[in-house]
Amino acid sequence: MIVELAGVKLTYQSPDGEVPALAGIDLVIDAGEFISVVGPSGCGKSTLLNIIAGLETPDSGTVSVGGRPLHGPSRTVGYMPQKDGLFPWRSIWGNVTLGLEIAGENTPERQETVRQLLSRYGLADFASKSPAELSGGMRQRCALIRTLACGPELLLLDEAFSALDYQTRLAVSADIYSIIRREKKTAILVTHDISEAVSLSDRIVLLTRRPAQIKKIYSLEELRGIPPLERRDHPAFRAFFNAIWKELDVHV
Ligand code: ADP
Ligand code: MG
């Protein structure tokens, strides 16, 4: 397995008092799995992802990645935020190699890997352009390549597609899915969009309201191996969507 969480709890200390965010999470994720985490707004999804990224430390419980206990950020883990986070004053090349610069690994070998990723995913001709010259989908692909440049095994995506309009979101999420599969990475996607989760995942982890516990884990066996856009026409798609929607604790 690549990720193992056991009894993970976290309570934030804020000026207004304690905010319990995670109430005991046990989860094992295998190498190569695509997992989505869904749950009501504010339930602790980003907190869970930040813990796996090594950005937050749980009050109790253990987290291991790649069989080793996690102590802070690790290069095995790549994080892709909600906004693409590209710097407008840097070229695309300057942006996709930024992580390598920060890690002090901007070597010719690594640069060659980045060049291959750019060309494999249709961005080679855009290396010297600025982010403003690219479409939202291309920018998201750049953000993923920047994350892949450092060679992570596990990718964490926090609402990675939610800044895009609906049409673009469908296309970009399918695109990013195929890149993650082709590069044989493990992925954990936090999303509030159930249909996005059903179209992309091997398993879906449904959280309760805050403080989050795992309410249910859905294994999408019938949909495995089917690409995201085709899944939406599969009878199992609606069945999973409805089952999760019913369980999701949304109040309007
Ligand atoms: P989600 O991503 O599911 O919307 P979060 O994990 O971001 O939820 O947050 C869970 C809860 O913890 C929310 O109620 C949020 O307001 C609170 N929270 C998040 N970060 C902090 C923090 N640094 N200090 C205090 N409370 C926080
Ligand atoms: Mg969040």
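Predicted, not measured: the structure shown is a model, and the values here were computed from it. Atoms considered below: every heavy atom in the structure, side chains included; atoms not considered: hydrogens, waters and symmetry mates. As the structure lists them, so they are numbered: ligands from 1, and atoms in each ligand from 1.
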Considering only NZ, NE, NH1 and NH2 on the basic side and carboxylate oxygens on the acidic side, decide whether [X] and [Y] come within less than 4.0 Å.
X: Arg169; Y: Asp193; result: yes
X: Arg182; Y: Asp175; result: no
X: Arg120; Y: Glu183; result: yes

> How far is atom 7 (O) of ligand 1 from its nearest protein heavy atom, and which residue and atom name does that atom have?
Replying inline: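 That would be Ser46 CB, 3.6 Å.
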
> What's the shortest distance from atom 27 (C) of ligand 1 to any protein heavy atom, and which residue and atom give it?
Replying inline: Tyr12 CD1, 3.3 Å

>> So if I count the atoms of ligand 1 from 1 in the order they appear, which ones are less than 4.0 Å from some heavy atom of Gly44?
In response: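 Contacts of ligand 1 toward Gly44, numbered from 1: 1 (P), 3 (O), 5 (P), 6 (O), 8 (O), 10 (C).
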
> side chain to side chain contact (heavy atoms under 4.5 Å, CB included) with Pro58: which of Ile51, Leu48, Thr11, Leu70?
Replying inline: Ile51

> Looking only at heavy atoms of Gly42, does any of them come nearer than 4.0 Å to an atom of ligand 1?
Replying inline: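 Within the 4.0 Å threshold, so yes.
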
> Taking everything shown except Arg224 itself, do over 12 heavy atoms lie less than 6.0 Å from its CZ?
Replying inline: yes

> Does atom CZ of Arg90 have more than 12 heavy-atom neighbours, drawn from other residues, nucleotides or ligands, at distances under 6.0 Å?
Replying inline: yes

>> Tell me whether Ala21 has any N or O atom under 3.5 angstrom from an N or O of ligand 1.
In response: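 Looking only at distances, the answer is no, because the N/O contact criterion of under 3.5 Å is not met.
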
> Would you say ligand 1 has an N or O under 3.5 Å from any N or O of Ser14?
Replying inline: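 No, since none of the N or O atoms of Ser14 sits under 3.5 Å from an N or O of ligand 1.
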
> Quick one: does atom 14 (O) of ligand 1 have a protein heavy atom under 4.0 Å from it?
Replying inline: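 Under 4.0 Å from atom 14 (O) of ligand 1, at least one protein heavy atom found.
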
> Between Asp16, Leu48, Leu49, Thr47, which one has a non-hydrogen atom sitting closest to atom 9 (O) of ligand 1?
Replying inline: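 Residue with the shortest heavy-atom distance to the ligand atom: Thr47.
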
> So which of Arg210, Glu56, Glu159, Lys45 gets nearest to atom 1 (P) of ligand 1, if we judge by its closest heavy atom?
Replying inline: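 Closest candidate by heavy-atom distance is Lys45.
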
> Below 2.8 Å, any N, O or S contact between Thr47 and the Mg ion (ligand 2)?
Replying inline: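 Short answer: no, not a single N, O or S atom is under the cut-off.
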
> Are any side-chain N or O atoms of Lys9 and backbone N or O atoms of Gly61, one a donor and one an acceptor, separated by less than 3.5 Å?
Replying inline: no

